[in-house]
Amino acid sequence: MLDIKQIRSEVLKIEELLKRRNKEINLQSLINLDQDCRKLITESESLQSEVKAKSKEIGLAMKENGNADAIKSQVSDLKIKKESVDLKLKDLEEKIKNILLTTPNIPHESVPIGTNEDDNIEVRTWGKPNDYEFEALNHDDLGVSLGILDFERAAKISGARFTFLSGAGAQLERALINFMLDEHRERGYIEYCPPLLVLPETMLATGQLPKFEEDLYKTNVGSYLIPTAEVPLTSLYKDEFINVNSTKKLTAYTPCFRSEAGSAGKDVKGMIRQHQFDKVELVKICHPDNSYDELESMTDDAENILRKLNLPYRTVVLCTGDMGFNAAKTYDIEVWLPGQNKYREISSCSNCTDFQARRANIKFKEDKKNLHVHTLNGSGLAVGRTLVAVLENYQQKDGSIQIPDVLVPYMNGKKIINKEGK
RNA sequence: GGAGAGAUGGCUGAGCGGUCGAAAGCACAUCCUUGCUAAGGAUGCGUACCUUCGGGUACCUAGGGUUCGAAUCCCUAUCUCUCCGCCA
């Protein structure tokens, strides 16, 4: 959520920056609503003030002579007036809140201007995509023929976009999770194991609601399955004043649930785009002065996993048109997938500045002022896609998979995945 | 699931229809006294919004209601605790 006070004082600048997202933005109408609203607040409050004063008079009059009918009728007149003012006020406040809750974050000045992913800018690459002497296979062909991935049976019991992992596949998934968490812990992140179901207000706090409800799974009791651990981790300090002298660094492994509304036909094969997937998430909560430095180091924390796994990747900075709702600046990390012969997103690291903190009401005190913290989040990494990358990049000519060195200890010493019987 | 009890400021805890944004204690901040590692005293100490910068308004879990007036009475929800049952 943007700061209405900032919008008042810098309408033109903010409007210009928001337009870079290629969305229709009209802040002037918001400003007008805000002005009307404040007038009504003043009016309502002064009426209320009168009511209170008169009510006190009634108390005194009753004590003295037991009769206060004259003042009582004055009060009821005031209350009728106030009621009609309040009705208008409520309507206006609703409208303003709606606009604010559905307006995206302001892109940072350094974010390249563009309309879609073609305008993203590569900032670095690492590793060299393998030149295979044989034709590289897709992870799904590899996984199915090795007997470690089963899409058909998953579809039978859960529908499209689910996968059964088994044997060495399931073990590899778990190995990746543990490896990632251990790496992040060594870099100062505290490990969490958060709830997977959250209340609607939590989704509002991190920006999934009210705008993106169709992407979420809702339960029969009104709570939602998390689409990412960013949701519970960022909201950990909801409605609190916290100390940000040192940045809070949190990490968590969780399953993530996404309805994938609107992505019909995209990545239908394999486990690239699933309704349920595992992810290790990184979240930072910090002082506003540090958030852009923290974004750089968080992105490096995510890239570190790929370097240790020896998986080639590139990092791009998203252009204004491709950035998510919450973000002021985002780096995507894309891993090389030889089976698809291209780079695919495996992590997205964003600085959300005070956008989520304002919604979640997370503040800190400085010089007697109450200020909002900055929040950042990034995948560190999407585990399913990492498994895909391992399968495709470590495939051998005979269809077996070599286990990356750093994962061998997490695989109980196993160094290669061969075809499994079932 | 059944039966009770409760939810007040950073914490503990009073208040049970007007003088309550809320006693008291603890914690915290500044200052004073003293002198020595502790004590005494003074003052201050919530959040948010509006403002003609004097002030004003809202908030005692949340949402409704009663009343001229609600932290205080009534209803509903949520959460916490205790006992019983069940359960991974």
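A, B, ... follow the sequence lines: proteins, then strands. Residue 1 opens every chain. Note that these values count all heavy atoms, side chains included, but never hydrogens, waters or copies made by symmetry. Only a predicted model underlies this, so the values are computations on that prediction, with no experimental measurement involved.
Considering only heavy atoms from C-beta on, A/V280 comes within 4.5 Å of A/V383 through its side chain.
Applying the salt bridge (Lys or Arg N to Asp or Glu O under 4.0 Å) test to A/E294 and every residue at least two apart in sequence or in another chain returns A/K284. Partners of A/N412 under the side-chain hydrogen bond (donor to acceptor under 3.5 Å, both in side chains) rule, at least two apart in sequence or in another chain, do not exist in this structure.
Using a 4.0 Å cutoff on non-hydrogen atoms, no part of residues 81-101 of chain A comes near RNA chain B. Residues of residues 196-206 of chain A having a heavy atom closer than 4.0 Å to RNA chain B: none are found.
For the C1' atoms, the distance from B/rG69 to B/rU19 is 13 Å, rounded to whole Å. For the P atoms, the distance linking B/rA71 with B/rC59 amounts to 7 Å, nearest Å. Nucleotides B/rA14 and B/rG21 place their C1' atoms 15 Å apart, quoted to the nearest Å. Between the P atoms of B/rG63 and B/rA29, the separation comes to 35 Å (whole Å). Comparing B/rU67 with B/rU72, their P atoms are spaced 16 Å from each other, to the whole Å. For the P atoms, the distance from B/rA77 to B/rC84 is 26 Å, rounded to whole Å. Nucleotides B/rU30 and B/rU57 place their P atoms 33 Å apart, quoted to the nearest Å. Rounded to whole Å, the separation between the P atoms of B/rG65 and B/rC11 comes to 30 Å.
Salt bridge absent: A/K90 and A/D86 never bring a charged side-chain N and a carboxylate O closer than 4.0 Å. Ionic pairing of A/R153 and A/D150 is present here: one or more N-O contacts between side-chain nitrogen and carboxylate oxygen are shorter than 4.0 angstrom. A salt bridge is absent between A/E260 and A/R161: the closest approach of a Lys/Arg side-chain nitrogen to an acidic carboxylate oxygen does not fall below 4.0 angstrom. Taking 4.0 Å as the cut-off between side-chain N and carboxylate O, A/D141 and A/K269 count as a salt-bridged pair. The pair A/D77-A/K82 does not count as a salt bridge, with every side-chain nitrogen at least 4.0 angstrom from each carboxylate oxygen. Checked for salt-bridge contact, A/E303 and A/R307 meet the test: a charged N lies under 4.0 Å from a carboxylate O. In summary, A/R187 and A/D300 engage in a salt bridge, as defined by a charged side-chain N under 4.0 Å from a carboxylate O.
Under the 6.0 Å distance and 45° angle rule, A/K248 counts as a cation-pi partner of A/Y237. Judged by the 6.0 Å and 45° rule, A/K211 forms no cation-pi pair with A/F325.
Across every strand in view, B/rC49 sits in a pair with B/rG56 that passes the Watson-Crick or G-U test at under 3.5 angstrom. The nucleotide B/rA24 finds its pairing partner in B/rU12, both defining distances of the Watson-Crick or G-U wobble pair being shorter than 3.5 Å. The partner of B/rU43 is B/rA29, by the rule that a Watson-Crick or G-U pair needs both atom distances under 3.5 Å. Summarising the base pairing, B/rU82 is matched to B/rA3 through a Watson-Crick or G-U wobble pair whose two defining distances lie under 3.5 Å. Of all nucleotides present, only B/rC68 satisfies the Watson-Crick or G-U wobble test against B/rG18, with each distance under 3.5 Å. Using the Watson-Crick or G-U wobble rule with both distances under 3.5 Å, B/rU37 pairs with nothing in any strand shown.
Nucleic acid contact for A/K52: sugar-phosphate only, since backbone atoms but no base atoms lie under 4.0 Å from a heavy atom of the residue. When heavy atoms are screened at a 4.0 angstrom cut-off, A/K39 is found touching no nucleic acid atom at all. Among the protein residues, A/R358 comes within range of no part of the nucleic acid, since none of its heavy atoms lies under 4.0 Å from any strand.
In terms of position on RNA chain B, the residue among A/S46 and A/K5 whose nearest nucleotide sits closer to the 5' end is A/K5.
Interface limits on RNA chain B: the 5'-most and 3'-most nucleotides within less than 4.0 Å of chain A heavy atoms are B/rG18 to B/rG69.
Annotated as syn: B/rG54, whose glycosidic dihedral is within 90° of 0.
The salt bridge (Lys or Arg N to Asp or Glu O under 4.0 Å) contacts involving residues 37-48 of chain A comprise A/D34-A/R38, where partners must be two or more places apart or lie in separate chains.
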